[in-house]
Protein chains: 2
Amino acid sequence: MTTATRLSWTDVRDHIHAQILDRTYRPGDKLPRDEDIAKDLGCARSTVQRAMQDLSDAGIVERKRKGGTQVRTDPVTRTTLDIPITRKEVEQRGGIYGYQLLNRTVEDIAPWVRANFALSQPITMLHVDALHLADQRPYILEDRWISTETSPEILSVDLATNSANEWLVRNKPYTRCDLRFYAVEADQKVADKLTAPLGSALLVIERSTWIDDHPITTVRAVTRPGYQLLTQN
Amino acid sequence: MTTATRLSWTDVRDHIHAQILDRTYRPGDKLPRDEDIAKDLGCARSTVQRAMQDLSDAGIVERKRKGGTQVRTDPVTRTTLDIPITRKEVEQRGGIYGYQLLNRTVEDIAPWVRANFALSQPITMLHVDALHLADQRPYILEDRWISTETSPEILSVDLATNSANEWLVRNKPYTRCDLRFYAVEADQKVADKLTAPLGSALLVIERSTWIDDHPITTVRAVTRPGYQLLTQN
DNA sequence: TAGTGGTCTAGACCACTAA
DNA sequence: TAGTGGTCTAGACCACTAA
């Protein structure tokens with residue numbers, strides 16, 4: 001007698017993934033119908049469906065109704081990137097977090113802000129410059145703009161003690177978030193604030209959030225020299 | 001008579017998400033049990049489960065058996081990043097893709113390669129330098145190392161006509177992938193190859209892949225000036 | 001150890017789309 | 001228009017873990 005172990009959907013996923021890895025099914029090949037796989041493996045079709053959905057989400061197979069399931073020909077490197085609030089990030093690295101408000105004004109938005117939000121009209125927003133510190137040393141310089149239309153309450157928040165980052169994260173959940181990564185050379189202002197050599201290469205993370213098509217905030221975060229962004233799979 | 005529309009799991013997810021957005025449930029608050037939500041909304045518990053799983057995957061709520069479901073106190077910005085093969089990337093931007101093999105040797109791995117794979121022993125791998133072009137102009141300079149242990153076949157591939165990028169993607173599916181993003185200043189060699197100003201800030205994408213703990217390849221891709229990486233949510 | 005989320009099943013019906 | 005994947009349901013049992 002063999003023991004009939006019940007198959008979990010992860011078992012099914014791993015089984016099929018293994019067949020793709022060992023080239024039983026090659027890129028472009030069509031896999032059997034869910035129902036047939038279920039019959040073969042002795043599990044319910046919904047278990048196969050769950051497994052396939054995961055492989056599909058991971059970019060490994062492509063599924064079409066009536067068309068069936070195919071191994072993807074052009075796999076993409078798909079990863080999940082978590083960007084925590086800066087305080088958490090520093091603390092997770094075992095550092096002591098610090099924060100300095102550098103500037104706070106209501107003014108016409110800069111061109112890059114207008115571009116990020118795809119606004120046709122120039123408008124005013126709350127502009128906040130702040131410095132995040134790790135172990136007393138500059139860590140991230142943030143140039144943030146906050147819509148006073150979506151977040152009027154921000155005007156009465158004491159941003160010298162509470163970072164806008166933190167307040168927004170707790171009080172303004174968003175429905176859409178765009179990210180942009182690129183490199184810049186440190187200009188005089190950035191070099192001073194981050195105590196980085198003039199002209200050094202710095203990673204920039206721009207993030208813009210919306211709630212139902214209404215802009216909430218956009219931030220250009222310039223990181224200190226040597227900063228690296230990692231995925232954690 | 002009202003028409004009883006059947007609730008889909010996305011409806012349930014959106015309904016609960018809306019309640020989090022409108023602060024019916026605030027960060028830290030506990031949500032009702034799945035079963036109670038199901039009863040309230042008049043759907044099956046598994047439908048609520050599916051919705052909740054999605055919110056949990058998105059980092060919006062946190063679920064624990066017996067502990068129930070909570071709105072996350074420290075939401076993270078969680079996004080999915082797709083990195084296609086370079087040829088596809090160029091073509092998707094409407095450019096004409098080109099490729100040049102610059103160098104191909106079997107040699108002792110560089111320190112950064114050893115670090116990426118966490119190898120205790122120095123070993124040899126196939127080292128490939130190549131340039132990707134968009135519309136005849138340098139686009140990405142790649143410094144790639146390929147394990148001849150995991151991929152001995154690569155030694156007989158004509159890398160002058162087929163990019164290693166392309167061959168690996170089609171022939172070596174991986175089980176683990178690490179990514180690393182940072183900025184570098186263009187040194188003389190990089191500046192020459194990319195026709196970038198010496199010292200200009202460039203975004204670097206490092207990617208390392210494994211199959212079941214065996215290294216496949218690691219690549220340091222230095223992008224041309226002005227290159228930006230975007231998420232597409 | 002009791003309560004909550006996680007998963008499986010079998011069956012039904014729906015939604016999309018290749019042929 | 002027929003065939004496939006997508007989803008829902010009701011019920012069962014399991015797995016984890018807060019209390």
Side-chain angles (χ1 to χ4, degrees), chain A residues 2-17 19-20 25 27-75 78 80, chain B residues 2-17 19-20 25 27-75 78 80:
Chain A
T2 54
T3 316
T5 317
R6 201 184 222 188
L7 282 179
S8 76
W9 69 266
T10 52
D11 294 336
V12 175
R13 179 199 58 193
D14 294 344
H15 176 77
I16 295 166
H17 192 201
Q19 290 185 306
I20 294 172
Y25 299 113
D29 283 0
K30 197 169 164 178
L31 297 175
R33 306 154 53 214
D34 289 6
E35 199 175 334
D36 291 340
I37 294 179
K39 211 185 302 171
D40 277 4
L41 301 180
C43 65
R45 179 164 80 91
S46 47
T47 304
V48 176
Q49 150 72 27
R50 183 74 183 77
M52 285 300 198
Q53 180 148 57
D54 201 58
L55 290 172
S56 177
D57 286 348
I60 294 166
V61 302
E62 192 166 7
R63 280 158 80 71
K64 272 184 204 148
R65 300 187 200 207
K66 168 101 183 185
T69 305
Q70 277 200 350
V71 181
R72 283 187 69 139
T73 314
D74 296 305
R78 182 169 296 172
T80 303
Chain B
T2 54
T3 317
T5 317
R6 200 183 221 189
L7 282 178
S8 75
W9 68 266
T10 52
D11 294 335
V12 175
R13 179 199 57 193
D14 293 344
H15 175 78
I16 295 167
H17 192 199
Q19 290 186 306
I20 294 172
Y25 298 113
D29 282 1
K30 197 168 163 178
L31 297 175
R33 305 154 54 214
D34 290 5
E35 200 175 332
D36 291 341
I37 293 178
K39 212 184 301 170
D40 277 5
L41 301 181
C43 66
R45 179 164 79 92
S46 48
T47 304
V48 177
Q49 150 73 28
R50 183 76 182 77
M52 285 299 198
Q53 179 147 57
D54 202 57
L55 290 172
S56 176
D57 286 348
I60 294 166
V61 302
E62 191 166 7
R63 279 159 80 72
K64 273 185 205 149
R65 300 188 200 206
K66 170 101 182 183
T69 305
Q70 277 199 352
V71 181
R72 282 187 69 139
T73 315
D74 295 304
R78 180 170 297 173
T80 302

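Every chain is numbered from 1 and lettered A, B, ... according to where its sequence line falls, protein lines coming before strand lines.
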Just the rounded figure in Å: distance from C1' of D:dA19 to NZ of B:Lys64. 13 Å
Using the rule given for side chain to side chain contact (heavy atoms under 4.5 Å, CB included), can you reason through B:His15 versus B:Val12, listing the C-alpha separation, both sets of side-chain angles and the distance that settles it, and then say yes or no? CA-CA 5 Å; B:His15 175 78; B:Val12 175; 5.5 Å; no
Using side-chain heavy atoms (C-beta onward) and a distance below 4.5 Å, is B:Val71 in contact with B:Lys30? no
Check for a donor-acceptor pair, side chain of B:Arg50 on one end and backbone N or O of B:Arg13 on the other, with a separation under 3.5 Å. no
Distance check needed: D:dA10 C1' versus B:Leu7 CG, whole Å only. 16 Å
Identify each atom pair where a protein N or O and an N or O of nucleotides 14-16 of chain C are less than 3.5 Å apart, giving names and distance.
residue : atom : partner : partner atom : Å
C:dA15  : O4'  : A:Arg65 : NH1          : 2.9
C:dA15  : N3   : A:Arg65 : NH1          : 3.1

Indicate yes or no: at least one non-hydrogen side-chain atom of B:Thr10 is less than 4.5 angstrom from one of B:Asp54. no
In whole Å, what is the span from the CH2 atom of A:Trp9 to the P atom of C:dG6? 12 Å
In Å, rounded to the nearest 0.5 Å, how long is the span from CE of B:Met52 to CZ of B:Arg45? 11.5 Å
How long is the gap from CH2 on A:Trp9 to CD on A:Gln53, to the nearest 0.5 Å? 9.0 Å
Is the backbone of A:Ser8 close enough, under 3.5 Å, to the side chain of A:Asp11 for a donor and an acceptor to pair up by distance? yes
Take the protein atom NZ of B:Lys39 and the nucleotide atom P of D:dG11, then report the distance between them rounded to whole Å. 13 Å
Under 3.5 Å, is there any donor-acceptor pair linking the side chain of A:Arg45 to the base of C:dG11? no
Could you give the angle between the helix axes at the two ends of the helix from C:dT1-D:dA18 to C:dA18-D:dT1, with five pairs per end, rounded to 10 degrees? 20°
Considering the options B:Thr47, B:Ile16, B:Thr69, which one meets the side chain to side chain contact (heavy atoms under 4.5 Å, CB included) requirement together with B:Ile37? B:Ile16
Any B:Thr69 side-chain N or O less than 4.0 Å from OP1/OP2 of C:dG5: yes
Looking only at D:dT7, C:dT9, D:dA10, the nucleotide nearest the B:Ser46 side chain is D:dA10
Is B:Gln49 near enough to C:dG5 that one of its side-chain N or O atoms lies under 4.0 angstrom from OP1 or OP2? no
For B:Gly67 and A:Ser8, find the nucleotide of DNA chain C closest to each by heavy atoms; which residue's nucleotide sits nearer the 5' end? B:Gly67
Give the rounded distance in Å between these two atoms: CZ of B:Arg50 and P of C:dC8. 13 Å
Please report, rounded to the nearest Å, how far the P atom of D:dT4 is from the CD atom of A:Glu62. 17 Å
Side-chain N or O of A:Thr47 versus OP1/OP2 of C:dT9: is the shortest distance under 4.0 Å? yes
Roughly how far apart are B:His17 NE2 and B:Ile20 CD1, rounded to 0.5 Å? 6.0 Å
Are B:Arg63 and B:Gln49 linked by a side-chain donor-acceptor pair shorter than 3.5 Å? yes
For atom CG of B:Asp34 and atom C1' of C:dG3, their distance in whole Å: 12 Å
Rounded off to whole Å, could you give me the CG-to-C1' distance for the A:Asp11 and C:dT7 pair? 12 Å
Of A:Arg63 and B:Ala44, whose nearest nucleotide on DNA chain D comes first from the 5' end? A:Arg63
